[in-house]
**Student:** 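Quick one: the structure is below, and I'll ask about it shortly.
We're numbering straight along the sequence, starting at 1. The basis for the numbers below is simple: all heavy atoms, side chains too, and nothing from hydrogens, waters or symmetry mates. In listed order, ligands and their atoms are each counted from 1.
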Amino acid sequence: MKASISRHAHFNAAHRLHVKAWSDEKNAAFFGVCNNPHYHGHNYALIVTVRGEIDPVTGYVMDIQKLSEAIEKHVLIRLDHKNLNMEVEPFITLNPSAENIAITIWQWLRPVISHELGIKVTLYETPSNFVEFDGT
Ligand code: NI
């Protein structure tokens, strides 16, 4: 039998949405306030969901403490209180949209979680707006 377990985390980060190949006018028109050249911040909420078979001995899909530690060590330490565009690869060249941040978090976690388990990243940029990425 399969189940999903999830861990909730938070980080704060600054970013600017901007396409270098576009003019300043086109960027401002497309991204609006998110194109502010002086950056802006978000209180991001992150939910990482791991899905797989329940181990018949332990009753666990995965030790959620290990999941918590993986999120801290591989995600939060890289993003929390950072300027994404200036300090964090791959966002020095990749637009730090919620979509691209969710994909990047998934890519950071995939190598450190058992390949038998599926991973889904849900990233809230605001309480109303969120993105999901599960590797597909
Ligand atoms: Ni923003």
**Student:** N/O/S atom of C34 under 2.8 Å from the Ni ion (ligand 1), yes or no?
**Tutor:** no
**Student:** Can you tell me the N, O or S atom of H40 that's nearest the Ni ion (ligand 1)?
**Tutor:** NE2
**Student:** Which class fits the ring pair Y44 and F11: parallel under 30°, tilted 30 to 60°, perpendicular over 60°?
**Tutor:** parallel
**Student:** Check the side chains of N95 and S97 for a donor-acceptor pair under 3.5 angstrom, ignoring hydrogens and angles.
**Tutor:** no
**Student:** Check all N, O or S atoms of H42 and name the one closest to the Ni ion (ligand 1).
**Tutor:** NE2
**Student:** May I ask you to check whether H10 and H8 place their ring centers less than 6.0 Å from one another?
**Tutor:** yes
**Student:** Going by atom types alone, do N35 and H18 pair a side-chain donor with an acceptor below 3.5 Å?
**Tutor:** yes
